[in-house]
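Working notes, structure below.
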Amino acid sequence: MAAEQRGKAATLAGRQRLLSSSCRLFFPEDPIKIVRGRGQYLYDEQGAEYIDCINNVAHVGHCHPLVVQAAHEQNQVLNTNSRYLHDNIVDYAQRLSETLPEKLCVFYFLNSGSEANDLALRLARQYTGHWDVAVLDHAYHGHLSSLIDISPYKFRDLDGQKEWVHVAPLPDTYRGPYREDHPNPAEAYASEVKRMLSSAQEQGRKIAAFFAESLPSVGGQVIPPAGYFPKVAEHIRKAGGVFVADEIQVGFGRVGKHFWAFQLQGKDFVPDIVTMGKSIGNGHPVACVATTQAVARAFEATGVEYFNTFGGSPVSCAVGLAVLDVLEKEQLQAHAAQVGSFLMELLRQQKAKHPIIGDVRGVGLFIGVDLIKDEATRTPATEEADYLVSRLKEHYILLSTDGPGRNVLKLKPPMCFSLDNARHVVAKLDTILTDMEEKVRSCETLRPTAEAALLSHVLPHVSDHNWVPYQQRCHSTKQTFFGNFVPSDAPSPQVSSNTGRSWLPWAFSTSPEISKVYLSLHLTAVARGQEQPFPRQPAPSRGEGN
């Protein structure tokens with residue numbers, strides 16, 4: 001019998017009490033409690049329906065009935081480890097082999113993408129006899145210690161770059177050193193890798209592998225120029241290393257044109273190792289490493305068994321087979337190509353209309369919308385992107401940002417995302433961007449008077465040093481004022497009778513970066529008489545704050 005469902009507040013309180021704060025939530029200022037999913041939709045505890053634009057794990061759709069049925073039926077018969085003979089693991093390996101180049105014919109089954117990349121690292125080192133690893137800037141390959149070390153996205157905030165890790169420029173033709181106007185960006189970026197490898201070898205370093213997401217996601221939904229990977233593989237192999245294609249975020253037909261994203265680089269390009277996870281189990285923990293006979297034999301020569309308790313279990317393989325069945329029966333790869341092209345065209349139309357959209361890039365249902373403050377400098381519009389995602393959530397559209405500047409809207413929806421979904425999402429995006437532009441134009445006209453009125457209220461509090469960390473005042477939302485502090489006499493949130501909006505959270509932002517955007521919008525509304533300015537309070541005596 002199912003337990004009685006808690007209210008959202010009780011669930012949040014329990015989570016805050018029992019889980020580490022490093023296990024973060026989407027929309028922490030107002031998290032969503034999701035209780036059900038189906039297809040490309042998620043539902044909260046009150047039954048509200050959200051379009052899921054970011055969940056590439058639910059590859060063929062949340063709770064696809066055929067995938068659920070396959071897991072249920074196999075669970076009723078047997079679920080054990082792979083040391084026993086069972087048809088499912090053989091059938092699954094065979095089906096996967098049919099999607100890959102013939103050279104990639106040996107398979108290892110695991111539970112997560114991190115496990116897959118960790119094994120790929122072990123395979124590469126054993127095969128080459130080398131230790132060092134080359135990676136792309138801003139890359140993320142998993143949460144294990146071995147993978148944090150080769151993930152610039154993570155290690156730069158932790159222990160820094162190890163001497164055996166070598167970082168090449170991200171092949172980003174919008175923001176990188178070689179851009180869309182370069183005659184041969186693939187060659188130029190590959191030459192950077194060659195120079196990096198030569199420098200490492202001059203220092204006596206030996207390269208085991210080059211790791212790359214076939215389409216860098218955390219780096220900002222980047223599409224490497226065609227021909228880049230083949231040239232890099234040539235340089236890596238000459239240096240004695242192997243090429244590892246991380247397909248965890250982007251494989252299994254997501255790019256539409258091909259089943260694997262690395263195939264965008266040309267029919268003759270074949271990595272030495274391919275890792276996969278996330279989408280291949282549609283939410284069930286399944287992952288896989290595919291490699292060559294030569295790499296596998298070198299690993300076997302150690303005499304050490306590779307065993308993974310749950311990797312390749314009958315249930316996991318039944319789920320994996322079901323996902324492949326759904327992809328074929330529902331023609332989701334072709335669907336991704338059709339819907340992705342349509343969505344890209346709609347977004348390009350928005351780019352022509354809204355200057356904040358600097359670039360629209362993608363393939364299939366892997367798309368990035370790069371928001372900028374200025375066309376000439378391409379400065380990331382981080383605050384605006386944060387605000388836009390929050391507003392879309394109010395319209396029951398779930399989106400998030402990525403990239404070094406956290407300014408790239410990423411779209412990686414379940415593969416059943418429809419043409420109607422694309423129209424709806426872009427229409428809401430257009431409405432919000434239009435509203436933002438109108439308010440910013442008004443702010444530019446009204447700013448001197450409105451800002452002077454605001455500062456006349458704020459500055460006395462600053463001079464009195466009467467500030468306290470806002471976490472102490474509003475710990476449940478962890479909002480901040482101008483980044484860190486709020487006056488200790490700040491009023492409680494009030495709802496404007498004209499706009500129906502709580503003006504205080506718009507001024508005391510959900511993140512330090514977005515506060516200026518919220519303040520500008522609030523100042524405009526004040527000048528129009530739609531909202532009330534912050535009420536004046538007597539300056540308190542010294543010593544009340546810290």
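Note that the structure is predicted; figures quoted are calculated from it, not measured. Atoms considered below: every heavy atom in the structure, side chains included; atoms not considered: hydrogens, waters and symmetry mates.
- Leu85 CG: 12 or fewer foreign heavy atoms inside a 6.0 Å radius.
- Side chain to side chain, Asn282 and His64 fail the donor-acceptor criterion of an N or O pair below 3.5 Å.
- Taking the salt bridge (Lys or Arg N to Asp or Glu O under 4.0 Å) definition, one finds that Asp30 meets it with Lys8, Lys393, sequence neighbours left out.
- The salt bridge (Lys or Arg N to Asp or Glu O under 4.0 Å) search around Lys410 returns Asp402, not counting sequence neighbours.
- If you check the side chains of Tyr43 and Glu49, you find a donor sitting under 3.5 Å from an acceptor.
- Taking a cutoff of 4.0 Å between a charged side-chain nitrogen and a carboxylate oxygen, Asp359 and Arg179 do not qualify as a salt bridge.
- No hydrogens or angles considered: a donor-acceptor pair under 3.5 Å links the side chains of Thr275 and Asn117.
- Within 6.0 Å of atom CD in Glu375, 12 or fewer heavy atoms from other residues, nucleotides or ligands are found, so the atom counts as exposed in its surroundings.
- By the 6.0 Å contact criterion, CD on Gln76 is enclosed, its count of non-hydrogen atoms from other residues, nucleotides or ligands being greater than 12.
- Residues Asn56 and Ser279 have side chains that never bring a donor and an acceptor to within less than 3.5 angstrom of each other.
- Between the Glu247 side chain and the Ala261 main chain, a donor and an acceptor come within less than 3.5 Å of each other.
- In terms of modelled atom types and a separation under 3.5 Å, the side chain of Asp118 and the main chain of Glu115 share no donor-acceptor contact.
- Remark: the Glu180 side chain and the Thr173 side chain contain no N/O donor-acceptor pair separated by less than 3.5 Å.
- No more than 12 heavy-atom neighbours from other residues, nucleotides or ligands sit within 6.0 angstrom of NZ on Lys257.
- Arg361 places a side-chain N or O within donor-acceptor distance of the main-chain N or O of Gly220, the cut-off being under 3.5 Å.
- Both tests do not hold together for Arg254 against Phe366: distance to the six-membered ring centre under 6.0 Å, angle to the ring axis within 45°.
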Stepwise salt bridge (Lys or Arg N to Asp or Glu O under 4.0 Å) check, Asp430 with Lys353: CA-CA 9 Å; Asp430 180 29; Lys353 181 177 180 181; 3.0 Å; yes
Derivation of the salt bridge (Lys or Arg N to Asp or Glu O under 4.0 Å) call for Asp435 and Lys439: CA-CA 6 Å; Asp435 183 55; Lys439 287 179 177 176; 3.3 Å; yes
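- A donor-acceptor contact shorter than 3.5 Å is absent between the side chain of His395 and the backbone of Ile397.
- No more than 12 heavy atoms of other residues, nucleotides or ligands sit less than 6.0 Å from atom CD of Gln331.
- The local environment of CZ in Phe26 is sparse, with at most 12 non-hydrogen atoms from other residues, nucleotides or ligands closer than 6.0 Å.
- With salt bridges taken as basic N to acidic carboxylate O contacts below 4.0 Å, none links Glu45 and Arg6.
- Put simply, the side chain of Tyr189 gets close to the backbone of Tyr178: a donor and an acceptor are under 3.5 Å apart.
- Between the Thr379 side chain and the Lys373 main chain, no donor and acceptor come within less than 3.5 Å of each other.
- Formation of a donor-acceptor pair under 3.5 Å by the Asn407 side chain with backbone atoms of Ala385 is not found in this model.
- The ring-ring contact (aromatic ring centres under 6.0 Å, His included) check on Phe342 picks up nothing, with sequence neighbours excluded.
- Interatomic distance, OG of Ser20 versus CZ of Arg15, reported as 9.5 Å (0.5 Å rounding).
- Applying ring-ring contact (aromatic ring centres under 6.0 Å, His included) to Phe109 and the options Tyr92, Phe307, Tyr306 leaves one that passes, Tyr92.
- Checking each of Leu433, Asp370, Leu347, Ile372 against Ile357 for a side-chain contact (heavy atoms from CB on, under 4.5 Å) leaves exactly one that passes, namely Leu433.
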Leu365 vs Lys412, side chain to side chain contact (heavy atoms under 4.5 Å, CB included): CA-CA, chis, key distance, verdict: CA-CA 6 Å; Leu365 286 174; Lys412 298 182 294 184; over 6 Å; no
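- His354 and Gln350 share a donor-acceptor pair across their side chains, judged by distance under 3.5 Å alone.
- With sequence neighbours left out, Ala296 forms a side-chain contact (heavy atoms from CB on, under 4.5 Å) with Val106, Tyr108, Thr291, Glu300.
- Here the CG-CD1 distance, from Leu147 to Ile150, works out to 5.0 Å after rounding to the nearest 0.5 Å.
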Trace of the side chain to side chain contact (heavy atoms under 4.5 Å, CB included) decision for Leu327 with Val60: CA-CA 7 Å; Leu327 282 169; Val60 299; 4.0 Å; yes
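- Contacts of Asp420 classified as salt bridge (Lys or Arg N to Asp or Glu O under 4.0 Å), with partners at least two apart in sequence or in another chain: Arg423.
- Around OH of Tyr174, the count of heavy atoms belonging to other residues, nucleotides or ligands within 6.0 Å exceeds 12.
- Although no hydrogens or angles enter the test, the distance criterion places no donor-acceptor pair under 3.5 Å between the side chain of Trp260 and the main chain of Pro101.
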What side-chain donor-acceptor pairs closer than 3.5 Å can you find for residues 135-145, not counting sequence neighbours?
residue: Asp137; atom: OD1; partner: Arg156; partner atom: NH1; Å: 2.5
residue: Asp137; atom: OD1; partner: Arg156; partner atom: NH2; Å: 3.1
residue: His141; atom: ND1; partner: Asp246; partner atom: OD2; Å: 2.9

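- The closest donor-acceptor contact from the side chain of Gln265 to the backbone of Phe229 lies under 3.5 Å.
- Between the side chains of Thr434 and Thr431, no donor-acceptor pair is found at a separation under 3.5 Å.
- Aromatic rings from Phe269 and Phe243 are positioned such that their centres are separated by under 6.0 Å.
- Rounding to the nearest 0.5 Å gives a distance of 4.0 Å between CG of Leu343 and CD1 of Ile367.
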